Amino acid sequence: MMRIPANFRYLGISLGPCLFSFASNYDSSKAFVKSLGCFLGLMNYAQLSGPNHKLLFSDHLRNRSVDEAREVFDCIPNPNVYLYSMMISGYARNRRLDDALKLFDEMPVRDTVSWNSMMKGCLECGDLSKAKEIFDEMPRRNIVSWTTMVHGLMLSGEVEMAELLFREMPTRDVAAWNSMIHGYFSNGRVEDAINLFEVMPCRNVISWTSVIGGLDQNGKSDEALFLFQKMIGSGFKPTSTTLVCALTASANLLALNLGVKIHGQIVKLGFCFDEFLSASLITFYANCKQVENSCKVFKEKLHKNVAVWTALVTGFSLNGKPENALEVFRDMMKLGVLPNQSSFTSALNASCGLEALDRGKEIHSAAIKLGLGTDVFVGNSLVVMYSKCGNISDGIAMFMRTDQKNIVSWNSAIMGCAQHGFGMSTLTLFSQMMRRGIEPDEITFTGLLSACSHSGMLQKGRGFFKFFSEAESFEVKREHYACMVDVLGRCGRLEEAEDLVRNMPFEANSMVWLALLGACRNHCNLDAAERAAKKIFDLEPNCSAAYVLLSNIYASANRWSDVSRIRMTMKHNSIVKQPGSSWVTLKGFRHEFLSGDRSHPLSGKIYQKLDWLGVKLKEFGYVPDQKFALHDVEAEQKEEMLSYHSERLAIAFFLVSTPEGSIIRVMKNLRVCGDCHCAIKLIAKIVGREIILRDSSRFHHFRNGICSCWDYW
DNA sequence: ACCAAGTTTA
């Protein structure tokens with residue numbers, strides 16, 4: 001940092017030309033540029049004259065241009081304690097603790113405020129011990145010093161120390177009580193917080209807001225909303241922060257009516273243009289499945305705030321509108337709103353929903369450009385995106401590249417490998433994870449069982465189930481039983497699977513029975529199938545998957561009267577089979593092969609296939625070079641597609657296959673066709689990157705998804 | 001002027 005020599009500090013504008021000579025005395029051009037900047041600073045300082053330099057100074061600080069602020073600061077003759085404190089806080093807010101401490105040391109005089117600012121600065125930069133040092137060293141403490149320290153201790157999780165200090169404080173104002181309440185909540189000590197709130201001598205709107213926000217963040221949104229209403233009832237006027245907390249709680253509870261009322265209050269109180277409130281409103285409406293209203297809120301003004309944009313991206317994505325989500329994300333970047341890790345997470349999620357590898361890659365490159373390529377949140381989303389889009393090797397590469405991997409990183413990689421049928425890789429990942437001392441959680445467990453099921457690892461599956469059932473800190477859930485049933489079922493241990501279901505410590509849900517029914521279908525066990533189906537229909541009379549599975553079982557047993565009986569029942573109860581669907585980007589893989597190695601022996605074959613596909617799709621009224629959702633292809637057309645010879649059948653299989661169980665049947669048909677096993681292997685290897693099956697849920701994914709085919713090669 | 005509450009995240 002360059003400081004202007006002392007004699008130049010008093011020059012002001014009247015000596016403007018001298019400044020040029022001052023600048024030209026500097027040899028290096030860098031120094032010239034710097035001094036020119038400083039000259040401009042001086043110009044501003046002089047032009048604005050009087051106290052206005054403070055305005056310029058605080059403008060820079062507000063804009064987080066801390067270096068510019070420092071240049072103005074350096075031009076101010078004899079800066080007072082107040083300006084020093086401002087500059088110190090400015091450095092701290094920009095995480096430049098060293099500069100802040102240096103300036104603090106240089107201060108000619110220090111008052112309590114400057115000591116407090118320095119202490120606060122240390123806390124903001126996460127240096128608790130330095131803050132403690134300053135707290136001990138400062139000559140006089142006021143109530144603010146104590147409160148700052150209490151708050152800092154609480155945020156570092158040193159609750160006991162904070163309590164001690166709070167008791168030792170000579171006097172306690174409402175801010176001190178509030179910081180204790182907030183501190184308890186952020187350490188998950190809900191009871192203590194509430195007790196304090198009840199005994200505190202005097203409450204203000206911040207006290208109420210802290211409790212409302214704290215309850216909501218600790219999973220007690222209902223109590224939060226109750227207190228919000230109580231607060232309004234006792235005549236307190238909510239601030240925008242209060243309304244944000246109440247809205248967030250309403251969003252979590254899906255309390256549509258209350259949320260809409262709060263929206264009314266926001267308009268009435270004139271908080272319409274508060275960015276925090278806009279973001280909360282967007283999330284609230286999106287959670288309540290009213291994403292059109294989120295859009296309305298968004299369009300009320302032009303937003304520059306990342307969180308507002310991200311809220312809308314997330315909203316669209318979670319409401320099954322990934323196209324819109326990605327459009328918003330693109331607009332956001334076009335407008336120069338820099339996406340952060342949350343925005344990337346939401347956008348990558350949306351591309352998972354579309355299963356659009358090209359879009360995902362686009363977002364990935366944007367993340368790299370912004371320096372977020374190895375961020376743990378972004379990295380985890382990338383792992384999921386690549387593996388969901390069929391590209392597990394890139395998914396694993398992303399995992400390796402992620403900084404500071406957490407449990408979600410490991411789980412995403414494990415899930416990805418498991419779903420792609422890489423059983424051994426899954427096990428290796430798991431042992432690496434254990435060796436690094438990372439505690440597995442229930443999602444890890446699901447991933448492991450899924451791997452065992454897809455790779456036919458019966459003994460491993462049993463071992464994991466035993467291990468996790470015996471682990472104390474662990475709750476084995478219905479999902480895990482469903483997975484285990486799947487493991488046993490796929491390995492033909494139908495009896496054992498049924499025993500497991502009947503001896504579960506809690507009532508089995510339809511998901512568990514459905515896993516059993518699926519197993520029965522694969523092993524043509526009609527008796528067990530009928531038992532399982534009966535259970536499912538008791539629990540969920542309109543379960544379309546169960547009807548379809550059962551009718552397929554009857555069909556394989558040549559019991560056609562039963563098949564038509566089930567079809568009739570379905571029709572009668574207007575149960576519609578959820579269509580399976582797949583996305584095809586013709587352009588995507590055409591491009592891939594055009595830009596790739598054209599001399600490769602496969603290029604020609606792929607070209608033929610693409611041409612055939614293009615012709616077929618045109619016949620069905622689709623335009624090439626677009627994304628096709630083939631779930632709406634008519635049944636006869638599907639059959640027509642399937643009637644082509646084996647290689648074409650293989651492609652058709654990818655296009656029209658339905659997740660709910662038909663894959664294995666189609667596989668059987670393919671085998672009957674002769675050479676298709678080889679053909680499908682070939683095509684899947686090449687085309688699998690771009691054609692991805694969509695599944696109704698994560699859970700069905702590994703049970704019925706494309707991964708099933710991997711078992712066969 | 002220094003202390004207390006808030007939006008988006010796998």
Side-chain angles (χ1 to χ4, degrees), chain A residues 54 58 80-86 88-89 92 111-121 123 138 141-152 154 169 172-183 185-186 200 203-214 216-217 238-249 251 274-284 286 303 305-315 317 332 339-349 352 375-385 402 406-412 415 443:
Chain A
K54 285 185 191 164
S58 51
N80 59 20
V81 201
Y82 157 61
L83 288 170
Y84 267 106
S85 303
M86 291 269 284
I88 288 171
S89 316
D111 61 0
T112 312
V113 174
S114 43
W115 280 95
N116 287 344
S117 307
M118 194 60 247
M119 185 168 71
K120 173 85 178 161
L123 291 169
M138 61 197 295
R141 296 175 194 145
N142 61 12
I143 197 161
V144 178
S145 331
W146 286 89
T147 308
T148 307
M149 201 58 221
V150 165
H151 186 233
M154 276 296 200
M169 280 177 79
R172 284 172 281 263
D173 63 357
V174 64
W177 286 88
N178 288 346
S179 74
M180 276 302 282
I181 290 175
H182 177 245
F185 274 122
S186 47
M200 71 192 290
R203 297 169 188 159
N204 62 11
V205 68
I206 298 180
S207 328
W208 284 94
T209 308
S210 304
V211 177
I212 294 165
D216 180 48
Q217 278 156 19
T239 64
S240 63
T241 309
T242 320
L243 295 170
V244 166
C245 294
L247 259 182
T248 309
D274 185 298
E275 304 260 54
F276 280 80
L277 275 169
S278 301
S280 311
L281 276 169
I282 290 169
T283 305
F284 162 73
H303 294 281
N305 179 305
V306 213
V308 178
W309 284 84
T310 308
L312 192 64
V313 175
T314 317
S317 178
M332 169 182 180
N340 60 16
Q341 42 171 213
S342 321
S343 332
F344 278 111
T345 299
S346 299
L348 286 169
N349 264 346
C352 281
D375 174 89
V376 63
F377 263 67
V378 178
N380 295 345
S381 312
L382 283 169
V383 174
V384 174
M385 187 277 289
T402 304
N406 57 19
I407 179 73
V408 182
S409 324
W410 287 94
N411 284 347
S412 308
M415 254 325 179
I443 297 174

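Bear in mind that the values here come from a model prediction, so they are computed numbers and not experimental data. Residue numbers begin at 1 in each chain, while the letters A, B, ... track the order of the sequences.
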Query raised in the report: Between A/Ile212 and A/Thr209, does a side chain to side chain contact (heavy atoms under 4.5 Å, CB included) hold up when you go through it step by step?
Result: CA-CA 5 Å; A/Ile212 294 165; A/Thr209 308; 5.6 Å; no
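For A/Thr283, whose side chain is taken as the heavy atoms from C-beta onward, the closest listed nucleotide among B/dA5, B/dG6, B/dT8 is B/dT8. For A/Val144, whose side chain is taken as the heavy atoms from C-beta onward, the closest listed nucleotide among B/dC2, B/dT7, B/dA5 is B/dC2. Comparing B/dA1, B/dA10, B/dA5 by their nearest atom to the side chain of A/Asp111 picks out B/dA1. Here the nucleotide nearest the side chain of A/Asp274, chosen from B/dG6, B/dC2, B/dA4, is B/dG6. Between B/dT7, B/dA4, B/dA10, one nucleotide has an atom nearer to the side chain of A/Ala307 than all others, and that is B/dT7. Distances from the side chain of A/Thr310 to the nucleotides B/dG6, B/dT7, B/dT8 place B/dT8 closest.
Looking at A/Asp111, A/Asn142, A/Thr148 one by one, the single match for side chain to side chain donor-acceptor pair (under 3.5 Å) with A/Asn116 turns out to be A/Asn142.
Nucleotide B/dG6 holds its C1' atom 8 Å from the CD atom of A/Gln217, rounded to whole Å. The nearest whole Å value for the distance from the OH atom in A/Tyr84 to the P atom in B/dC2 is 19 Å. Atom-to-atom, CZ of A/Phe185 to P of B/dA5 comes out at 13 Å; the value is rounded to the nearest Å. Following rounding to the nearest Å, A/Leu348 (CG) and B/dT8 (C1') show an atom-to-atom distance of 15 Å. Atom CG of A/Asn349 is separated from atom C1' of B/dA10 by 7 Å (rounded to the nearest Å). Between A/Glu275 atom CD and B/dG6 atom P the separation is 18 Å, expressed in whole Å. Atom pair A/Met119:CE and B/dA1:C1' shows a separation of 16 Å (rounding to whole Å applied). In this structure, A/Asp216 atom CG and B/dT8 atom C1' are separated by 15 Å, rounded to whole Å.
Within 4.0 Å (heavy atoms only), A/Ser343 reaches no atom of the nucleic acid at all. Among the heavy atoms of the strands, none lies under 4.0 Å from A/Ser412. Contacts of A/Ser280 with the nucleic acid, taken as non-hydrogen atoms under 4.0 Å apart, involve only primed sugar atoms and P, OP1 or OP2. If you check every strand for non-hydrogen atoms under 4.0 Å, A/Thr241 touches a base. Within 4.0 Å (heavy atoms only), A/Thr345 reaches sugar-phosphate atoms of the nucleic acid but no base atom.
Two residues are said to be in side-chain contact when any heavy atoms from C-beta on lie closer than 4.5 Å; A/Ile181 and A/Val211 meet this criterion. Within the 4.5 Å cutoff, no side-chain heavy atoms of A/Phe185 are placed close to those of A/Gln217. Residues A/Leu382 and A/Leu348 meet the side-chain proximity criterion, which asks for heavy atoms closer than 4.5 Å.
Side-chain N/O atoms of A/His182 include none lying less than 4.0 angstrom from OP1 or OP2 on B/dC3. Contact between the side-chain N/O atoms of A/His303 and the OP1/OP2 oxygens of B/dT7 is not found at any separation under 4.0 Å. Within the 4.0 Å cut-off from OP1 or OP2 of B/dT8, not a single side-chain nitrogen or oxygen of A/Asn340 is found. The phosphate of B/dC3 has neither OP1 nor OP2 within less than 4.0 Å of any side-chain N or O from A/His151. Phosphate proximity of B/dA4 to A/Lys120: present, with a side-chain N or O under 4.0 Å from OP1 or OP2.
In this structure, A/Tyr82 does not count as stacked on the base of B/dA1 under the 5.5 Å centre distance and 30° plane angle limits.
Side-chain atoms of A/Asn349 and A/Ser317 include no donor-acceptor pair closer than 3.5 Å. Side-chain atoms of A/Ser343 and A/Asn340 include a donor-acceptor pair closer than 3.5 Å.
Judged by distance alone with a 3.5 Å cut-off, a donor-acceptor contact links the side chain of A/Asn204 to the base of B/dA4. Between the side chain of A/Asn406 and the base of B/dA10, at least one donor-acceptor pair of N or O atoms lies under 3.5 Å.
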